[in-house]
Structure formats: C-alpha cells, structure tokens
Amino acid sequence: MYSLNKIFNPLLLIGCGKIGKALVIGWLENGLEADSIHIVDPNIQNTKAISQQYGVKIYDQVEAMPQHLVPIIVVIAVKPQMMNKAIVSVSRFSHFGTCFLSIAASSTISYFENKLGNTVPIVRAMPNIASAVGHGITAYFANCNVVGDQKIHIHQLLETIGEAIEVDNEEQINAVTALSGGGPAYVFLLIETLAKAGIKSGLPEKVAMKLARTTVIGSCELLTRYPSQEVSQLRLNVTSQGGTTAEALKVLMDDHTGIQPIFNAALAAATERSKALTC
Ligand SMILES: NC(=O)C1=CN([C@@H]2O[C@H](COP(=O)(O)OP(=O)(O)OC[C@H]3O[C@@H](n4cnc5c(N)ncnc54)[C@H](O)[C@@H]3O)[C@@H](O)[C@H]2O)C=CC1
Ligand SMILES: O=C(O)[C@@H]1CCC=N1
C-alpha cells in the first residue's frame with residue numbers, strides 16, 4: 001500500500017455523492033492515506049463529515065485547491081448532467097500527464113478524449129457501492145494511452161476496494177452497469193421482497209425483515225467462505241427432494257413466469273438505458 005500511496009499522491013476526487021463517498025471511504029479504510037486525497041464537491045454537506053472523520057482535504061471548487069497541486073489521477077464521480085461543467089474544471093490537468101478515471105455511467109472514452117485531448121490517459125470504470133466496505137467489483141476499459149505500469153497501478157487501486165476486471169471492449173460497460181453497477185439495489189430489493197412475502201405468510205413485519213436480512217447476509221458469507229463451490233450446488237444443498245424449498249423453486253424457476261425472464265428484462269432495460277444516456 002505504501003507504494004500505491006506514493007504513486008497516487010495526489011488523488012483528486014470530483015464529486016463526493018453516494019458512489020464518490022463509497023470509493024473514498026473504501027480507499028481510506030483499505031490503506032490509502034488521507035494526506036494524498038483531495039475532494040471537490042460544491043455541496044460541502046456531502047464532504048464535511050468525511051473530512052472530519054478521516055482528515056481528507058475538501059474544496060467546493062477546483063479553483064479553491066492550492067495552485068501548485070497537480071493530481072496524478074482525477075476520479076470523476078458526478079452525474080452525467082453535471083459532467084460538462086466538471087470536466088471543464090479539471091481539463092487543465094490534461095497537460096501534465098494526469099490520468100482521468102471516470103465512473104459515470106454512459107460517459108464514453110471518446111467524450112473524454114474530445115474534452116481533454118486524445119493523448120490523455122483515460123479510464124472508464126464501473127464500480128459499485130460495496131466498494132465502501134472493500135467488497136466492490138469494478139469493471140474498466142482504458143484507452144490506448146494507459147499503458148504498462150500505469151495500467152497495473154490503476155488495476156491495483158481498484159483492487160484495494162474489491163475486485164477489478166478489465167473488459168476488452170467499451171460497449172460491455174453498459175451491461176456491467178446493468179449487472180454489477182446497479183446489482184446491490186437488486187439484492188436489497190430481494191430482501192425487501194422476501195420480507196413482504198414473509199409478512200403475507202403470517203410473520204410480524206420486524207421478524208420477517210430480520211429473517212430476510214440475516215438470510216441474505218448468511219448466504220453471502222457462505223459464498224465468501226466457499227468460493228470454489230458452484231452457486232447452483234449451494235442452492236441444491238438447501239433443496240430437499242419433495243420438500244418446501246423445492247416447491248418455492250418451482251415457482252421461482254419457471255421458464256416463463258419465474259425470475260430468470262424478469263431479470264433478463266430488467267438487465268436489458270438497464271443496458272438499453274445506459275446506451276441511451278451515452279454521451
Ligand atoms: N450510486 C451508485 O451506486 C453508482 C453510481 N455510478 C455513477 O456515478 C455517478 C454519480 O452517482 P451518485 O454518486 O449516485 O450521484 P450523487 O448525486 O449522489 O453524487 C454526485 C455528486 O457530484 C457533485 N457534483 C455536482 N457537480 C459537481 C462538480 N461540477 N464538481 C464536483 N462535484 C460535483 C454533487 O454535489 C454530488 O455530491 C453517476 O454518473 C452514476 O452513473 C456508478 C456506479 C454506482
Ligand atoms: O442507477 C444508475 O444510473 C447508476 C449506475 C449504476 C448504479 N447507479
């Protein structure tokens with residue numbers, strides 16, 4: 001971690017909302033030093049607590065940073081509608097060899113190349129909110145200016161907050177956004193759905209929610225502890241022949257009305273949305 005601290009000092013984060021915060025907390029909790037991290041967000045309410053807790057430096061605009069500060073890497077975590085303004089504010093760093101890593105859904109490498117220049121190292125990445133606890137997964141695509149050690153270091157930086165996967169074409173980032181970018185939301189919905197169904201089956205609300213949450217936490221822990229077990233085998237371990245789970249799975253695994261066609265449609269909708277928002 002010592003070397004990553006040196007390599008990515010200073011690191012500038014533009015946008016410290018839900019995912020920006022998750023990334024920075026993940027980095028801080030997994031070894032990056034607060035001294036190396038600078039955060040710009042016009043909404044100081046979003047950054048005050050993190051600055052007080054960890055000692056990172058916060059600014060309400062790029063112009064408020066020390067003049068001499070040239071980031072090694074700029075991580076851009078703003079919404080697409082804020083992107084134009086955000087990118088203009090950091091474009092001067094493109095003359096200093098700074099690498100730009102965007103985690104914004106739908107903002108393409110060519111968008112950044114148009115704004116920053118086509119010799120600039122640019123990475124388009126899609127993390128998820130579990131980065132905050134070091135269990136995220138980030139898929140990324142880098143332009144041809146990110147080479148050699150720089151690529152290795154970016155990969156290592158993303159691995160400090162979970163796992164990192166380089167995809168071999170940028171188009172795949174749309175499907176990644178649909179699957180793992182938004183994925184935690186589907187898991188939380190599963191918990192809500194399980195709890196509601198439990199209430200319908202006769203449980204008190206609090207009990208149903210407790211059972212649903214803890215069941216998902218425990219199942220995830222099994223996945224963590226037995227990484228080489230097939231997920232389908234873990235499912236089968238719960239499913240007694242002729243028993244109760246088998247009855248539920250008949251409903252859930254129906255080819256037409258089960259959850260597979262629903263998830264196919266959900267991910268297709270999210271992937272299409274990611275493409276439609278592309279700029
Ligand atoms: N929320 C999530 O789980 C994930 C979000 N993303 C992507 O990350 C981006 C941000 O999403 P969220 O964090 O959810 O949004 P958010 O609205 O919570 O955060 C955006 C932040 O950007 C700040 N901001 C706006 N203009 C700025 C500027 N010019 N300079 C600096 N900061 C500025 C806002 O004050 C806000 O704090 C989106 O493009 C989204 O697609 C990607 C992966 C997961
Ligand atoms: O919902 C969104 O658009 C973003 C991208 C992945 C997670 N949140």
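When a ligand or atom number is given, it counts from 1 through the structure's own listing order. What you see is a predicted model; the values in this text were computed from it and never measured.
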### For P80, the ligand 1 atoms whose distance to one of its heavy atoms is below 4.0 Å
39 (O)
### Partner of L32 under side chain to side chain contact (heavy atoms under 4.5 Å, CB included), chosen from L11, V56, I161
L11
### Task
Quick one: look up the protein heavy atom nearest atom 7 (C) of ligand 2 and list residue, atom name and how far away it is.
G181 O, 3.4 Å
### Message
Taking 4.0 angstrom as the limit and counting only heavy atoms of A104, give me the atoms of ligand 1 inside it, by number and element.
### Response
39 (O)
### Task
Identify the protein heavy atom lying closest to atom 14 (O) of ligand 1, giving its residue, its atom name and the separation to 0.1 Å.
K18 CE, 3.7 Å
## Note on the structure
Heavy-atom proximity to atom 8 (O) of ligand 1 ranks first, among N84, D60, I103, V78, for I103
### Task
Measure from atom 34 (C) of ligand 1 to every heavy atom in N128, D41, I129, I14 and give the option owning the shortest one.
D41
## Note on the structure
The protein heavy atom nearest to atom 19 (O) of ligand 1 is G17 CA, 3.2 Å
### Query
Starting from atom 40 (C) of ligand 1, which protein heavy atom do you reach first, and at what distance in Å?
A105 N, 4.1 Å
### Task
Measure the distance from atom 17 (O) of ligand 1 to every protein heavy atom, then report the residue, atom name and distance (to 0.1 Å) of the closest one.
K79 NZ, 3.2 Å
### Task
Mind checking whether M126 contacts ligand 1 via backbone (N, CA, C, O), side chain (CB onward), both or neither, at a 4.0 Å heavy-atom cut-off?
side chain
### Message
Evaluate L12 against V40 for side chain to side chain contact (heavy atoms under 4.5 Å, CB included), listing each step before the verdict.
### Response
CA-CA 8 Å; L12 172 60; V40 172; 3.8 Å; yes
### Message
Can you report which non-hydrogen protein atom sits closest to atom 25 (C) of ligand 1, along with the distance?
### Response
M82 CG, 3.8 Å
### Query
Taking only heavy atoms of N43, which atoms of ligand 1 are found under 4.0 Å from at least one of them?
35 (O)
### Message
Can you check which of G15, S131, A77 brings a heavy atom nearest to atom 20 (C) of ligand 1?
### Response
A77
#### Entry: Where ligand 1 meets V40 - atom numbers and elements under 4.0 angstrom, heavy-atom basis
31 (C), 32 (N)
### Query
Please state which protein non-hydrogen atom is closest to atom 2 (C) of ligand 1 and give its distance, to 0.1 Å?
I19 CB, 3.9 Å
## Note on the structure
Counting from 1 in the order shown, the ligand 1 atoms closer than 4.0 Å to a non-hydrogen atom of N46 are 36 (C), 37 (O)
### Task
Verify the contact flag for atom 5 (C) of ligand 2, where contact means a protein heavy atom under 4.0 Å away.
yes
Anything under 3.5 Å between a donor and an acceptor, one on a side chain of residues 78-86, the other on a protein residue two or more places apart or in another chain? List them.
from	atom 1	to	atom 2	distance (Å)
N84	OD1	Y111	OH	2.6
N84	OD1	K115	NZ	3.4

### Task
On the 0 to 90° scale, with breaks at 30° and 60°, tag the F8-H153 ring pair as parallel, tilted or perpendicular.
perpendicular
### Task
Check ligand 2 against T177 and write out every atom of the ligand that is under 4.0 Å from a heavy-atom position of the residue.
5 (C), 6 (C)
### Message
Could you identify the single nearest non-hydrogen protein atom to atom 32 (N) of ligand 1 and state the distance to 0.1 Å?
### Response
P42 CD, 3.3 Å
